[in-house]
**Q** 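Below is one structure. I have some questions about it.
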Amino acid sequence: MKKLYSVIAVLVILLSNSSFSQCSLYPVSLASKVNNSSLIIEGKVISQTSFWNAERNYIFTSNLVSVTQVFKGAVYTSNIEIITEGGQVDLDRQVVDPSLQLSLNDEGIFTLNNFNQPAQFGKPVYQVYSDQQGFYKFNLEENSAIVPFKSYTDINTVYQEFELLLGIDIPAHTNSNVNKF
């Protein structure tokens, strides 16, 4: 009987470890995000719509983002689409975890690459490099920012880290809604 309990205990531990390892995040450095992104922007989510992929087996959400600053790369429109995994189409809902989940009015810095998905708003389409870790979410009321594994008590500290790696000057953050595009 003790052997049976031992075998069950070992199986439970092994199964829980394997399922945990499939869903865990590992830190991605800012240098890696900067080097592996073709576009880095500051922006704000202004609209969202979810859609099926071509095979109708996966739901994505297109987030229309108003671009306020471009740190790396070039974008020739004031809005872009950032595609995230999961969403809801009619009564069908898919939740992908861990995965970046954006909400209306989320604002911050995105590290991006082109993405081969159909545009839902007729704008250039991107996906976030390193998923959740590729979005530095601003809390404008507290002048703070957060990204998995790190939080900032001042948005300008985030700017300084990007300045160092990109070799550019970024104007100090102001809490205005003036478009700096």
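Just so you know, these numbers come straight off a predicted model, no measurement behind them. If you read the sequence from its start, that first residue is 1, and numbering goes on from there.
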**Q** Could you tell me the separation between the CG atom of L64 and the CG atom of L102, rounded to the nearest 0.5 Å?
**A** 12.0 Å
**Q** Is the number of heavy atoms from other residues, nucleotides or ligands under 6.0 Å of K137 NZ greater than 12?
**A** no
**Q** State whether a side-chain donor-acceptor pair under 3.5 Å links S50 with T61.
**A** yes
**Q** Is the shortest side-chain N to carboxylate O distance from D106 to K44 below 4.0 Å?
**A** no
**Q** Mark yes or no for whether Q132, through its side chain, and S99, through its backbone, hold a donor-acceptor pair below 3.5 Å.
**A** yes
**Q** Mind running side chain to side chain contact (heavy atoms under 4.5 Å, CB included) on I41 and I80 for me, showing each step along the way?
**A** CA-CA 10 Å; I41 60 111; I80 63 171; 4.1 Å; yes
**Q** First locate atom CD of E81, then atom OH of Y126, and finally report the distance between them rounded to the nearest 0.5 Å.
**A** 11.0 Å
**Q** What do you reckon, are the aromatic ring centroids of F110 and Y136 less than 6.0 Å apart?
**A** no
**Q** Return yes if some donor-acceptor pair links the side-chain N/O of T77 with the main-chain N/O of N79 below 3.5 Å, else return no.
**A** yes
**Q** Answer yes or no: is there a side-chain heavy-atom contact under 4.5 Å between S62 and F121?
**A** yes
**Q** Evaluate the side-chain proximity of V45 to N105: yes if any heavy-atom separation is below 4.5 Å, no if none is.
**A** no
**Q** Before accepting this row, confirm whether a basic side-chain N of the pair K33/E161 lies closer than 4.0 Å to the acidic partner's carboxylate O.
**A** no
